[in-house]
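This report refers to the structure that appears directly beneath it.
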2 protein chains.
Amino acid sequence: MADQALRPLDEREMGAWRALIRGHNRVMRRLEAELEAEQGLSLPAYEVLVHLSEAPDERLRMSELAMNVVLSPSGLTRLVDKLAREGLVCRHRCEADARVVYAVLTPEGRARLDAAYPTHLRGVREHFFDHLSGEQCEFIAQALGAVDNASNAACAAAVAAECDAVDGELAGDFAADAS
Amino acid sequence: MADQALRPLDEREMGAWRALIRGHNRVMRRLEAELEAEQGLSLPAYEVLVHLSEAPDERLRMSELAMNVVLSPSGLTRLVDKLAREGLVCRHRCEADARVVYAVLTPEGRARLDAAYPTHLRGVREHFFDHLSGEQCEFIAQALGAVDNASNAACAAAVAAECDAVDGELAGDFAADAS
DNA sequence: TGGCTTTACTTGCATCTGCAACAAACTCTA
DNA sequence: TAGAGTTTGTTGCAGATGCAAGTAAAGCCA
């Protein structure tokens, strides 16, 4: 099994892997540059606005937002700080649970997003979808969707495993103490 | 044509786009964390070593290396600085053209890469290829390969266009002066 | 050859980002 | 209901990275 897991990538796999890395990096870099130049928004900032705009009441908990944009909690805190300074979002404490903070899209944020949307859409079409057939599109959605889901599941499993490990340590300590 | 270019993403396209962003981000984040924890190497550092190891004489010009790992020139300079401090690569000036710098893999760098390879390979299989069929693999290679190539071509075209624009400006200035 | 343009890299500076430590608030239990 | 343990966000700090400016070396042309 270990042998299987460590089988080197064959040519097709290597091609897919390198294409993913390079294709993704180049497209994102171009999109980011265009969005920054034309709209003064970074890509993560744009994504925050998009996710908020699609959420009920145009608001999301910080932790949900961090999951959506794939940013660390601290990274998201600072990004929301910045967007709040620019007036594009604001923070609301949750009344039921004072630990929770909601990021809320402001009218200015909505307007800024609406203004940036055409730039982003054009870039995504031009740099990405114009080079893909519908079939390829379908495959990418399925394949990378599966990867994403598995990664989420693995993440949850890793957290659980960590808890078990800690429990194990504690149990071990207890046993040592008891002996 | 503009209408066509600004047609909103349909459901399938949206699915592909989000899957690409999230799938890529999550996988890379996990790979980076594992490589860092087990081997003390960042992902870009690992990629630099890989590309050098595959190059003739295990060396590449800084600019070629930057293209390969999709990093800005300054970013690559600093990354090579760091790797050189650790003794994994060294710099050689080109004798024929003193502007050019080659990054060369050292024996230590080769050894470090060999040590890190199993960790990376296992991660790539576990987090990515284990969730893909051979057919999906093939499609990803083709589709994102096309995107990557187009992006390269567009980049070259953009540089050319920029030159033209500058030429145009100069011509305009000249005309203005002459009038 | 002298000077102007271009190329290849390197730095200054500002920003972004993540990890670890921290603070605050909630939950569960005795 | 006091206290231990969790969860949720926020900072301190260090490292990474890009843009613009700077430096050095070629190339080109009169």
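Below, read A as the first sequence line, B as the second, and so on, with proteins coming before strands; counting in each chain starts at 1.
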[X] [atom1] to [N] [atom2], straight-line distance once rounded to whole Å:
| X | N | atom1 | atom2 | value |
| --- | --- | --- | --- | --- |
| Glu34(B) | dG18(C) | CD | C1' | 17 Å |
| Leu35(B) | dG18(C) | CG | P | 17 Å |
| Arg26(A) | dG18(D) | CZ | P | 13 Å |
| Leu83(B) | dA16(D) | CG | P | 10 Å |
| Glu64(A) | dG9(D) | CD | C1' | 14 Å |
| Leu76(A) | dC19(C) | CG | P | 14 Å |
| Arg93(B) | dA24(D) | CZ | P | 11 Å |
| Arg29(B) | dA16(D) | CZ | P | 16 Å |

(Q) Go nucleotide by nucleotide along DNA chain D from the 5' end; which of Cys94(B) and Val101(A) gets its closest nucleotide reached first? (A)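 The residue whose closest nucleotide sits nearer the 5' end is Val101(A).
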
Q. Starting at the 5' end of DNA chain D, which residue's closest nucleotide do you reach first, Ala33(A) or Met62(A)?
A. Met62(A)

(Q) Just N and O in the side chain of Ser63(B): are any of them under 4.0 Å from OP1 or OP2 of dC9(C)? (A)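 Answer is yes, contact under 4.0 Å.
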
Q. Within the pair Lys82(B) and dG15(D), is there a side-chain N or O less than 4.0 Å away from OP1 or OP2?
A.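 No, because none of the side-chain N or O atoms of Lys82(B) sits under 4.0 Å from OP1 or OP2 of dG15(D).
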
Regarding [N], can its base be found pairing with the side chain of [X] as donor and acceptor, where the two atoms are less than 3.5 Å apart?
| X | N | answer |
| --- | --- | --- |
| Ser42(A) | dC16(C) | no |
| Arg78(A) | dG18(C) | yes |
| Ser74(B) | dC19(D) | yes |

Q: State which residue, out of Val104(B), Leu65(B), Asp57(B), fulfils the side chain to side chain contact (heavy atoms under 4.5 Å, CB included) condition with Leu52(B).
A: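 With Leu52(B) as partner, side chain to side chain contact (heavy atoms under 4.5 Å, CB included) holds for just one option, Leu65(B).
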
Q | Pairing of Asp114(B) and Arg110(B) as salt bridge, 4.0 angstrom limit | A | yes

(Q) Taking Glu86(B) first and then Lys82(B), would you say they form a salt bridge - that is, a charged N and a carboxylate O separated by under 4.0 Å? (A) yes

When you measure from the side chain of [X], which nucleotide among [options] comes out closest?
| X | options | answer |
| --- | --- | --- |
| Ala98(B) | dA25(D), dG9(D), dG18(D) | dA25(D) |
| Arg99(B) | dT17(C), dA24(D), dG9(D) | dA24(D) |
| Arg61(A) | dG18(D), dT10(C), dG9(D) | dG9(D) |

**Q.** Residues Glu135(A), Ser133(A); criterion side chain to side chain donor-acceptor pair (under 3.5 Å); working and verdict
**A.** CA-CA 5 Å; Glu135(A) 194 186 18; Ser133(A) 70; 4.9 Å; no

Q.
Measuring from atom CG of Leu83(B) to atom CG of Leu41(B), what distance do you get when rounded to the nearest 0.5 angstrom?
A. 7.5 Å

(Q) If you assign each of Val70(A) and Asp81(B) to its closest nucleotide in DNA chain C, which residue comes earlier from the 5' end? (A) Asp81(B)

